[in-house]
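Input: a single structure, listed below in structure tokens.
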Amino acid sequence: MTDAAHPDPARRRAVAAEIRAACLNQGFFYRATFKNHGVSRDVVDAAFGQSHAFFGLGEEVKRSIDISKSSNFRGFMALQTESHDSTGKGDYHEAFNLGLDPSLAPDSMGVGRDSKLQHGENLWPEAEMWDGAAQFKSATLAYYSAILALGQRLFPLIALALDLPEDFFSDKIQHPAAIMRLLFYPALGAAEPIPGIGAHTDFECFTILKQDDVPALQVANRRGEWLDAPCIPDTFVVNIGDQLARWTNDIFVSTRHRVLATPDRDRYSIPFFFGCDHDVVMHPIPTCVSADRPNRYEVMTAGDYVHQRLSEVYAAGLKGPEGAEKVEAK
Ligand SMILES: O=C(O)CCC(=O)C(=O)O
Ligand SMILES: [Fe+2]
């Protein structure tokens, strides 16, 4: 997949057809990172460089921005804090979560019914604790901005792929509920295998994932068999999330995926979860319902849907910060 917002409509329709085929079948596709996507290699390299630096810090600095100090699920999550796996041992990764930063979009702050969940403060390390704090913030936000823009350019292609006008989603992604995570999967060594992240589907419309060169990601096909999603240099993996699967009346597939334990190498990845504005009412997409395929889902707002998913996650025992029912979780 190489072209995003190509000026030639025929080319855009061709790309959209490729996306449609991928989304109907496996819900996963690869996109070239640097070609025509406005995401520079420097921005990607700097974000990964800063991710290495951050996770290499001592516990004291990382814990200073622990997620328990956030009212909206931002900040650092220590190893095995969350669990997607039925063993309940906790996924073997550390994370740093952020959302749309007030410094990037002051006009989006406080917008919407549950603006706290959608938009709010991120937690950043203090310069007194880490002299690399400013660099960490600027590289992370540069990457966030680049991928936010890429996601906004992907929506018109998704619209075309669904036989909708290209601008169908434009008014629905004005204040996007986009959450990004820096993930660090330390080498397990000889320890008993624990999944890096247990099998799950993502909540939002789609995820734009950048992985490093350590293979560990797997996706389930329709028969439930696990297939490797290899690291293809200079690509993003894009996968459809539950919000879009639901909105498309299950025409698009939200695929289960997982990350295996990495025995002898550390692994880093950066997923970016792109949800639409929380006050959008997810009426079934008109091209996805018919007499033969009636709408399968209750109509609700994107925000209510995310809340519902979160309460399921919390009911399953993931401990959140105070006011957890108000927070974004993965
Ligand atoms: O690290 C990866 O490759 C995937 C991460 C993931 O699936 C998630 O954070 O939801
Ligand atoms: Fe995921």
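Start at 1 and go down the list; that is how both ligands and their atoms are numbered. None of the values given here were measured: they were computed from a predicted structure.
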* To do: Check salt bridge (charged side-chain N to carboxylate O under 4.0 Å, His left out) between K62 and all other residues, then give those that pass, not counting sequence neighbours.
  => E59, E94

* To do: Would you name the N/O/S atom of D202 that lies closest to the Fe ion (ligand 2)?
  => OD1

* To do: Would you check whether R181 has a nitrogen or oxygen atom less than 3.5 angstrom from a nitrogen or oxygen atom of ligand 1?
  => no

* Structure fact -> Near Y185 (heavy-atom distance under 4.0 Å), the atoms of ligand 1 are 1 (O), 2 (C), 4 (C), 5 (C)

* Give the contacting part of R258 toward ligand 1: side chain, backbone, both or neither, where contact means a heavy-atom distance below 4.0 Å. => neither

* With atoms numbered from 1 as shown, which atoms in ligand 1 lie under 4.0 angstrom from a non-hydrogen atom of L183? -> 1 (O), 5 (C), 9 (O)

* **Under 3.5 Å: N/O of Q211 near N/O of ligand 1** => no

* Kindly give the heavy-atom pair with the smallest separation between A161 and R20, and that separation in Å. => O-NH1, 2.9 Å

* Structure fact -> For P271, the atoms of ligand 1 under 4.0 Å from one of its heavy atoms are 9 (O)

* Given a cutoff of under 4.5 Å between side-chain heavy atoms of I, L, V, M, F, W and Y, with clusters grown through shared members, what are the other residues clustered with L188? -> L79, Y92, I194

* H257 atom (N/O/S) at minimal separation from the Fe ion (ligand 2) -> NE2

* Those atoms of ligand 1 less than 4.0 Å from some heavy atom in H257 -> 7 (O)

* Of all the atoms in ligand 1, which lie at a distance below 4.0 Å from a heavy atom belonging to F273? -> 8 (C), 9 (O), 10 (O)

* Asked: Would F274 and F155 count as a close aromatic pair, with their ring centres under 6.0 Å?
  -> yes

* Asked: Hey, is T207 touching ligand 1 through its side chain, its backbone, both or neither, going by heavy atoms under 4.0 Å?
  -> neither

* Asked: Going by the atom numbers of ligand 1, which of them fall below 4.0 Å from some non-hydrogen atom of V259?
  -> 1 (O), 2 (C), 3 (O), 4 (C)

* **D131 atom CG: more than 12 heavy-atom contacts under 6.0 Å** => no

* Which one of V238, D234, T235 satisfies the side-chain contact (heavy atoms from CB on, under 4.5 Å) criterion with Y30? -> T235

* **Sidechain N-carboxylate O distance under 4.0 Å for D101, R74** => no

* To do: State which residue, out of L182, I197, L209, fulfils the side-chain contact (heavy atoms from CB on, under 4.5 Å) condition with S269.
  => L209

* Of the side chain and backbone of H93, name the one, both, or neither that has a heavy atom under 4.0 Å from an atom of ligand 1. => neither

* Region of D202 engaging ligand 1 - heavy atom pairs below 4.0 Å -> side chain

* Asked: Could D66 and K69 be called an ion pair, given the rule that one side-chain N must be under 4.0 Å from one carboxylate O?
  -> no

